[in-house]
Amino acid sequence: MQRLLHWQGQTYEVQAEADEPLYAILEHLGLPAGTAILTAKADGKIHELQAPVGNHTEFHLLGWDAPEGKYVFWHSSAHILAEAILSLRPEAKPTIGPPIENGFYYDIDFGSSPISPEDFQRIEERFLELAGQPEYFVRKKVSLEQAIDYYEKQKNPYKVELIRELPPDDITFYESGGFVDLCKGPHLWHSGPIRAVKVLSLAGAYWRGDSRKPQLTRVYAISFPEKQLLDEYVAFLEEASKRDHRHLGRVLRLFSFHEEGPGFPFWHPKGMRLLNALQDWMRGKLLRRGYEEIKTPLILTQRLWEQSGHYENYRENMYFTEIDEQPYAIKPMNCPGSTIVYRTERRSYRDLPLRLFEFGLVHRHELSGVLTGLFRVRAFTQDDAHIYCTPDQIESEITDLLHLVNEVYDAFGFTQREIYLSTRPEKYIGSLELWAQAEGALAAALQSAGLSYQINPGEGAFYGPKIDFIVRDSLRRRWQLGTVQLDFSMPRRFGLEYIGPDGQPHVPVMIHRAILGSFERFIGVLLEHTGGELPLWLAPVQVKIVPVSEKYVEYAREIARDLAQRGVRWSIDESDEKLGKKIREAEQEKIPLIWVVGAQEAENRTVSIRDRLFRRRYDGIPLAQAIEETWKAVQSPS
RNA sequence: GCCCCCUUAGCUCAGCGGUAGAGCAACUGAUUUGUAAUCAGUAGGUCGGCGGUUCGAAUCCGUCAGGGGGCUCCA
C-alpha cells in the first residue's frame with residue numbers, strides 16, 4: 001500500500017505493509033526517527049512511531065516544534081520521572097502523570113517516606129541515567145483481570161480505581177525499561193531524545209481533585225531534547241521572577257499587603273497615581289462610547305442577595321454584617337445594584353440599549369490558600385458594566401463591545417489574544433430558542449469583527465452564553481482578562497422591563513461585561529508584562545528632575561511648577577548625591593523621563609532629557625519646548 | 001480550607017544548640033558633584049506570636065498568624 005509522509009516541507013512516497021511500524025519505514029528512508037522526529041499524526045490523531053502504520057495513508061511527522069511533539073515528549077518523560085522516583089522510593093505509589101503546558105507532573109502517594117526539594121538532584125540524575133539507556137516504550141494490551149491483578153500486587157489502589165472505570169476491552173500498559181504504567185499513550189518510540197530535565201517543584205494535590213480524598217504529592221518537572229533549551233527555560237523562569245508584580249509593587253512603592261488585612265491591598269501614593277490614571281482613561285473611553293456611570297452601595301440587604309440568587313449559590317464567598325438587627329451583605333458583584341438603578345425609572349424601548357458602568361468595589365471571601373498578590377485578592381474594583389437591550393440588539397452591542405475590547409488591549413500592547421465562546425450547559429434556564437439566538441448573535445458578532453475564536457461547548461453560565469478574553473504577555477504567559485456574559489435570568493428575577501413599540505412590557509436582555517476584569521489584577525498583569533516599565537501615560541512619575549548639585553534645586557522646582565501646571569506627574573531628586581547615583585536611582589525606579597539640570601541648563605533655560613523608552617539623550621532642549629512636547633507625549637491613547 | 005515549604009534590621013539575605021551579622025536603604029558629617037553606586041561615621045532586631053524540650057533555643061518540637069508553590073491541563 002502506498003503511504004505519504006510529510007516532514008519539514010518534503011513529501012516522501014513509500015510502499016508499506018499495514019503491520020510495519022512507522023519507525024521502520026522512516027529508518028528505511030533515512031529520516032531521523034526517534035531523534036528529530038518524535039511522533040506523527042495520521043487522520044488528525046497522534047500516531048506513535050512504534051505503532052504499525054495500519055490503513056493510514058498519510059502521515060505528518062512531528063518534531064519538538066509541534067505541540068504534539070512536546071506533548072508526547074513530556075508524557076513519556078512523566079513515565080521516566082515516575083520510574084526514577086520509584087527507584088529512590090520503592091514504596092511510593094504512582095497515580096497519574098500527564099504532560100501540561102510547560103512540562104509534566106506525576107501525582108504520587110509517598111506514604112510515610114515523603115520527598116523534599118533536596119531529593120531533586122538525585123531524581124534528575126537517575127532520570128537522565130534511565131533516559132540515556134535509552135528506554136523503549138512498548139504498548140501492551142491487557143485484560144481487565146490482568147490489569148487489576150498487576151496493581152493489586154503493587155498495592156496501588158489508585159490505579160485499580162482508574163482501571164475499573166475504563167472500558168474493559170481497551171486497557172493498555174506501557175512498559176519502558178523496568179517500569180510498567182497503565183497508560184493510553186501516545187509515547188515516544190524511545191527515550192533517546194530526552195536529554196535534559198529539571199524537577200521544578202512539589203505541591204499537594206488531591207486524588208482526582210477532590211478535597212475529601214487523600215492528598216498526594218505532585219512532582220512538577222520539565223524536560224528538553226537539548227541542554228541549551230533547559231538553560232533557556234531556566235533563564236525564562238528567572239526573568240519571570242524578576243518581573244513578579246509583588247516584588248515590583250514593593251520596590252516601586254505602588255502597593256503592599258499586611259497581616260492586618262490578608263488579601264486586601266493597601267495602595268500607596270504612587271500606586272494611586274497609576275490606578276487613577278488607568279481609571280480616568282477607562283472612564284473617558286466609556287463615556288465617549290455612550291456609557292453612563294453609576295455607583296451603587298457596598299452594603300445591601302441580605303434579601304436582595306436572596307432575590308438575585310447569590311445567597312443561594314455564592315454565600316460561601318460573601319461577607320455578612322448586620323444593621324439595625326437586620327441582615328446585610330457586602331456586595332460580591334455589582335449587578336443587583338445596577339438592576340435597582342434600571343428599575344428606578346419606567347424604561348421605554350427608545351431608552352435601549354442602556355449602558356451603565358460602575359467601577360465597583362466588590363469583596364469576596366476567597367480561600368486563604370488561593371490569595372496571590374494582586375492576582376487573587378479579597379477586595380477589588382471591577383471595570384464592570386451592564387448593558388440592557390432587546391434581544392435583537394445583542395449582536396450590534398456585542399460587535400461594539402468587541403471593537404472596544406480590541407482598542408483597550410491594543411493600548412497596552414496585548415496584541416496576542418485568545419477568545420473563547422462558551423455555550424449552553426446541561427443545566428440552563430430560558431428557552432432553547434433564546435439560547436440559539438443569543439449564541440448565534442455572539443458568534444455572528446465575533447465573525448463580523450473578524451476575530452477567530454474557539455468554542456467551549458457547554459461551558460456557559462446557566463443563565464446565558466459568554467465570551468472570555470485571554471491575552472498573552474511579553475513572556476507569552478496567558479492571562480484571562482475580560483468577559484462578556486449574556487444574562488436571561490437576572491432581568492426576570494428583578495422584574496426588569498421596558499415598554500415596547502407595541503405598548504406592552506417586555507423583559508430586556510442584560511449583558512454583563514468587564515474588559516480589564518479588575519483594576520487590581522490588571523495592574524498586576526501589566527506590571528509583569530512590562531517588567532514595571534509602564535507606558536508614559538501611566539507612569540506614576542513621568543518626569544524626574546535631577547539637579548546636578550544643590551545649586552540647581554531652585555531651577556528644578558521652577559520646572560516642577562510648570563510641569564504640574566500641565567498635569568505632568570513629576571518628582572525632584574533633592575538628595576546630596578553625585579549625578580551618577582541619582583540617575584541610577586531614577587533608572588531603578590523605572591521613570592520614563594529624566595531631566596538633568598545644571599549650570600548650563602539653568603543659564604540657558606534648557607533641560608537635558610534622558611529618555612528611558614528610546615534609550616536616548618537630548619541635551620540643551622529649551623524648557624518651553626521640553627514641557628510642550630512632554631505634555632503631548634504623556635497624553636493617554638484615545 | 002487542605003498539602004509541602006518559608007518567616008532573622010525598611011529591603012535582599014548569611015548564621016542552623018553556646019546568647020545576632022553583611023550589603024543596600026535610613027540618619028549625621030565631609031563633599032557640591034555632568035548621565036547607572038563619593039567617603040567616613042551613627043543608629044536600627046524581645047530572630048513572626050505563644051507554648052514546650054534543654055544548663056542554654058534564631059537554631060529542636062508543638063501551635064497560631066502571615067507569605068510562597070500547588071490542589072482533575074487527567075490512565
Side-chain angles (χ1 to χ4, degrees), chain A residues 71 74-75 78-79 82 94-107 109-110 114-118 142 147 151 156 158-167 170-174 181-186 200-220 241 244 246-247 250-251 253 256-263 316 365-373 478 546-553 575-589 594-601 608-612 615-619:
Chain A
Y71 180 93
W74 283 332
H75 192 180
H79 282 231
T95 68
I96 59 167
I100 54 177
E101 196 176 333
N102 286 303
F104 54 93
Y105 66 78
Y106 217 112
D107 279 352
D109 182 351
F110 282 98
I115 59 165
S116 77
E118 283 146 32
V142 292
Y151 278 111
N156 187 327
Y158 305 101
K159 294 285 191 184
V160 172
E161 184 181 327
L162 293 171
I163 292 164
R164 289 194 192 283
E165 290 169 19
L166 295 173
D170 189 23
I171 299 172
T172 52
F173 279 6
Y174 271 80
D181 202 1
L182 171 74
C183 184
K184 72 178 172 202
L200 298 168
S201 62
L202 298 178
Y206 298 108
W207 171 235
R208 321 210 94 182
D210 185 338
S211 58
R212 291 163 305 189
K213 296 199 166 140
Q215 190 147 24
L216 310 168
T217 303
R218 178 165 295 180
V219 185
Y220 283 92
S241 118
D244 188 315
R246 294 165 293 196
H247 174 247
R250 184 163 45 230
V251 303
R253 298 177 220 274
S256 60
F257 287 92
H258 302 275
E259 274 184 46
E260 289 82 352
E316 299 300 308
H365 179 240
E366 301 289 353
L367 293 178
S368 59
V370 306
L371 301 176
T372 304
R478 302 164 81 241
V546 178
V548 170
S549 83
E550 277 173 24
K551 290 181 207 152
Y552 314 105
V553 166
S575 68
D576 174 23
E577 293 289 350
K578 295 180 80 162
L579 182 60
K581 175 83 175 274
K582 296 185 196 181
I583 297 285
R584 179 181 153 83
E585 286 189 346
E587 292 282 348
Q588 286 180 335
E589 284 177 72
I594 300 170
W595 287 12
V596 176
V597 294
Q600 282 174 34
E601 287 79 8
S608 167
I609 299 176
R610 195 182 154 108
D611 185 321
R612 189 202 64 205
R615 319 276 172 207
R616 286 203 56 179
R617 229 177 102 181
Y618 308 89
D619 290 339

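Every chain is numbered from 1, with letters handed out A, B, ... down the list of sequences. Everything numeric here is computed off the predicted structure, so don't read it as measured data. All values below were derived from every heavy atom in this structure, side-chain atoms included, with hydrogens, water molecules and symmetry-related copies excluded.
Taking side-chain N and O atoms only, S368(A) has a distance below 4.0 Å to OP1 or OP2 of rG1(B). Contact annotation: Y220(A) reaches the phosphate of rC71(B) (side-chain N/O to OP1 or OP2, under 4.0 Å). Side-chain nitrogen and oxygen atoms of R246(A) include at least one within less than 4.0 Å of the OP1 or OP2 phosphate oxygen of rG68(B). R610(A) has a side-chain polar atom (N or O) that falls below the 4.0 Å cut-off from OP1 or OP2 of rA36(B).
A distance of about 25 Å separates the C1' atoms of rG15(B) and rG51(B), rounded to the whole Å. rC24(B) sits 34 Å from rA57(B) when the P atoms are compared, rounded to a whole Å. Taking the C1' atoms as reference points, rU28(B) lies 38 Å from rA65(B), given to the whole Å. Distance noted for atom C1' between rG21(B) and rA30(B): 28 Å (whole Å). rC60(B) and rC47(B) are spaced 15 Å apart, taking the P atom of each and rounding to whole Å. The separation of rG69(B) from rC64(B), taken at their P atoms, amounts to 22 Å, rounded to a whole angstrom. rG66(B) and rC61(B) have their P atoms separated by 22 Å, with the value rounded to a whole Å. The gap from the P atom of rG67(B) to that of rC11(B) amounts to 15 Å, rounded to the nearest Å.
With distances taken from any side-chain atom of S549(A) to the nucleotides rG34(B), rG66(B), rU32(B), the minimum falls on rU32(B). Checking rA36(B), rC71(B), rG34(B) against every side-chain atom of I583(A), the shortest atom distance belongs to rA36(B). Nearest to the side chain of P262(A), among rG34(B), rG66(B), rA36(B), sits rG66(B). Of the candidate nucleotides rU35(B), rU38(B), rG69(B), rU35(B) has the atom lying nearest to any side-chain atom of R617(A). Residue R250(A) places its side chain closer to rC11(B) than to any other of rC11(B), rU35(B), rU38(B). Nearest nucleotide to the side chain of P98(A), out of rU35(B), rC73(B), rU32(B): rC73(B). Of the listed nucleotides (rU38(B), rG70(B), rU32(B)), rU38(B) has the atom at the smallest distance from the side chain of E577(A). When the nucleotides rA25(B), rG66(B), rG34(B) are ranked by their closest atom to the side chain of E585(A), rA25(B) comes out on top. Across rC3(B), rG66(B), rU32(B), the shortest atom-to-atom separation from the side chain of Q215(A) is found for rC3(B). Closest to the side chain of L182(A), from the set rA75(B), rG67(B), rC73(B), is rA75(B).
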Verdict with reasoning, E587(A) to I594(A), per side chain to side chain contact (heavy atoms under 4.5 Å, CB included): CA-CA 8 Å; E587(A) 292 282 348; I594(A) 300 170; 3.8 Å; yes

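The CD1-P distance, from I96(A) to rC71(B), rounds to 11 Å in whole Å. Following rounding to the nearest Å, N102(A) (CG) and rG70(B) (C1') show an atom-to-atom distance of 15 Å. Rounded to a whole Å, the CG atom of D244(A) is 11 Å from the P atom of rU12(B). Rounded to an integer number of Å, the gap from OH of Y151(A) to C1' of rA75(B) is 8 Å. One atom, CD1 of I594(A), and another, C1' of rG34(B), lie 13 Å apart when rounded to the nearest Å. Rounded to a whole Å, the CD atom of E316(A) is 16 Å from the C1' atom of rC2(B).
Among the heavy atoms of the strands lying under 4.0 Å from G598(A) is at least one base atom, whether or not backbone atoms are also near. Here K159(A) lies in heavy-atom contact (under 4.0 Å) with sugar-phosphate atoms only. Within the nucleic acid shown, E101(A) comes within 4.0 Å of at least one base atom, counting heavy atoms only. Using a 4.0 Å heavy-atom distance criterion, E165(A) is classed as making no nucleic acid contact. At the heavy-atom level, K581(A) lies under 4.0 Å from the strands shown only through sugar-phosphate atoms. Within the nucleic acid shown, G373(A) comes within 4.0 Å of sugar-phosphate atoms alone, with no base atom in reach, counting heavy atoms only.
Summarising the geometry, atom OH belonging to Y106(A) is positioned 11.5 Å from atom CG belonging to L216(A); distances are rounded to the nearest 0.5 Å. The distance from atom CG of L182(A) to atom CD1 of I171(A), rounded to the nearest 0.5 Å, is 7.5 Å.
Side-chain atoms of E366(A) and base atoms of rG1(B) include no donor and acceptor less than 3.5 Å apart. You'll find a donor-acceptor pair under 3.5 Å spanning the side chain of Y206(A) and the base of rG1(B), going by distance alone.
By the side-chain hydrogen bond (donor to acceptor under 3.5 Å, both in side chains) test, S549(A) pairs with no residue at all, sequence neighbours left out. Partners of R584(A) under the salt bridge (Lys or Arg N to Asp or Glu O under 4.0 Å) rule, at least two apart in sequence or in another chain, do not exist in this structure.
A donor-acceptor contact closer than 3.5 angstrom is absent between the side chains of E601(A) and W595(A).
As the counterpart of rA37(B), no nucleotide is assigned, since no Watson-Crick or G-U wobble pattern has both distances under 3.5 Å.
Under the side chain to side chain contact (heavy atoms under 4.5 Å, CB included) rule, E161(A) has a single partner from K159(A), R164(A), E165(A), which is E165(A).
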